[in-house]
Protein chains: 2
Amino acid sequence: MPKPSFTEQQKQIAGIAKALSHPARVYILQKLHSMNACCTSGEMIGDIPIARSTLSQHLKELKYAGLIQGEIEPPMIKYCINKENWEITRKIINEFFKPAQQNTGDCKP
Amino acid sequence: MPKPSFTEQQKQIAGIAKALSHPARVYILQKLHSMNACCTSGEMIGDIPIARSTLSQHLKELKYAGLIQGEIEPPMIKYCINKENWEITRKIINEFFKPAQQNTGDCKP
DNA sequence: AAAACATTTCGTAATTTTGCGAAACATAAA
DNA sequence: TTTATGTTTCGCAAAATTACGAAATGTTTT
């Protein structure tokens with residue numbers, strides 16, 4: 001029998017985790033989430049030890065992952081948490097980490 | 001003024017996320033956690049589309065991250081969730097995703 | 001139109017991750 | 001002691017990630 005591939009759920013969780021797997025992206029999300037407000041890349045760059053272009057790449061990744069969104073407000077771009085997706089993500093992760101059933105046996109496929 | 005480096009907390013969260021950032025590692029954790037029991041690598045290999053040696057690498061990474069532990073029971077090794085660290089991790093991630101304060105302003109450093 | 005500003009994209013290099021098969025290890029069975 | 005079993009380590013290749021500075025983009029001010 002052929003090997004099963006990964007489930008969509010497994011890929012989805014891994015994708016969320018990948019978005020959080022760099023300290024710069026954790027910083028960005030913490031900042032935007034904790035202040036519950038929008039922020040430009042210029043307001044973030046002073047806080048972290050990376051170049052502007054690198055920050056821009058991380059912002060792009062978080063946008064791609066759907067965790068943040070950017071509103072253009074010339075000549076700046078204001079980034080905010082995508083609240084809808086944030087909530088979805090929160091639920092997925094909470095579900096993943098929820099307490100286990102009681103069971104002391106071994107692996108049963 | 002010099003650029004601040006990332007905080008220990010940011011690095012810790014990123015580290016946890018990195019451990020979860022591959023579908024094979026998500027599968028391993030889901031399996032061990034949902035059954036709340038131990039399992040050998042041989043009992044896992046049939047479920048996922050990777051080679052044995054690759055699975056072994058992923059198990060090693062999760063062990064390094066502290067999320068699982070392996071008991072040697074010759075000729076097998078039984079892997080289980082490291083419950084203590086799992087709980088710590090759960091709290092860290094829950095804290096990260098907790099609801100925000102209300103605040104509609106913009107970025108205030 | 002030119003200069004200034006905020007940010008992104010491009011090109012590229014260094015590092016890390018992922019993957020595999022072959023070989024190695026350790027234990028148990030014959 | 002040989003053979004079989006379950007798993008990991010090694011060696012290597014391919015792909016992805018991270019990083020930077022330079023150049024490009026788009027907007028406002030002069």
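Chain identifiers are assigned alphabetically (A, B, ...) following the order of the sequence lines, protein sequences preceding nucleic acid strands; residue numbering begins at 1 within each chain. Small disclaimer: the values here were computed from a predicted structure and weren't measured.
- A:Arg52 has its CZ atom 16 Å from the C1' atom of D:dA24, to the nearest Å.
- One atom, OH of B:Tyr27, and another, C1' of C:dT18, lie 18 Å apart when rounded to the nearest Å.
- Distance from the side chain of B:Glu61 is smallest to C:dT18 among D:dG21, C:dT18, C:dA6.
- Looking at B:Tyr27, its side chain does come within 3.5 Å of a backbone N or O of B:Met44 through a donor-acceptor pair.
- Rounded to a whole Å, the NZ atom of B:Lys11 is 16 Å from the C1' atom of D:dT18.
- A:Lys18 has no side-chain polar atom (N or O) that falls below the 4.0 Å cut-off from OP1 or OP2 of D:dA16.
- Ring geometry, A:His22 versus A:His58: the interplanar angle falls from 30° to 60°, so the pair is classed tilted.
- In this structure, A:His22 reaches the D:dA19 phosphate: one of its side-chain N or O atoms is under 4.0 Å from OP1 or OP2.
- Spacing between atom CD1 of A:Ile77 and atom P of D:dG26 amounts to 11 Å, rounded to whole angstrom units.
- The side chain of B:Thr40 lies closest to D:dT7, out of C:dT18, C:dT8, D:dT7.
- Residue A:Pro75 is the one, among A:Thr54 and A:Pro75, whose nearest nucleotide of DNA chain C lies closer to the 5' end (criterion: closest heavy atom).
- Atom NZ of A:Lys60 is separated from atom P of D:dA19 by 15 Å (rounded to the nearest Å).
- To the nearest angstrom, P of D:dA19 lies 13 Å from CG of A:Leu59.
- A:Ser53 comes within 4.0 angstrom of a nucleotide base, judged by non-hydrogen atoms across all strands.
- When distances run from any side-chain atom of A:Ser56 to the nucleotides C:dT9, C:dA6, D:dG21, the shortest one goes to C:dT9.
- Between A:Leu62 and the choices A:Gln69, A:Arg25, A:Gln57, the side-chain contact (heavy atoms from CB on, under 4.5 Å) rule is met once, by A:Arg25.
- Among the nucleotides D:dG21, C:dT7, C:dC20, the one closest to any side-chain atom of B:Gln57 is C:dC20.
- Pairing each heavy atom of A:Leu59 with each of A:Ser41, the nearest pair is CD1-CB, 3.7 Å.
- A donor-acceptor pair under 3.5 Å links the side-chain atoms of A:Ser21 to the main chain of A:Lys18, judged by distance alone.
- Among C:dG19, D:dC20, C:dT7, the nucleotide with an atom closest to any side-chain atom of B:His58 is C:dG19.
- Residue-level contact check: A:Ile50 touches the backbone only, with heavy atoms under 4.0 Å from sugar-phosphate atoms and none from bases.
- For A:Tyr79, the side-chain atoms get nearest to C:dT7 when compared with the rest of C:dT7, C:dG21, D:dT7.
- At the phosphate of C:dT18, OP1 or OP2 sits under 4.0 Å from a side-chain N or O atom of B:Arg25.
- Taking atom CG on A:Leu62 and atom P on D:dT17, their separation rounds to 13 Å, with Å as the unit.
- Atom CD1 in B:Ile72 sits about 9 Å away from atom C1' in C:dA26, given to the nearest Å.
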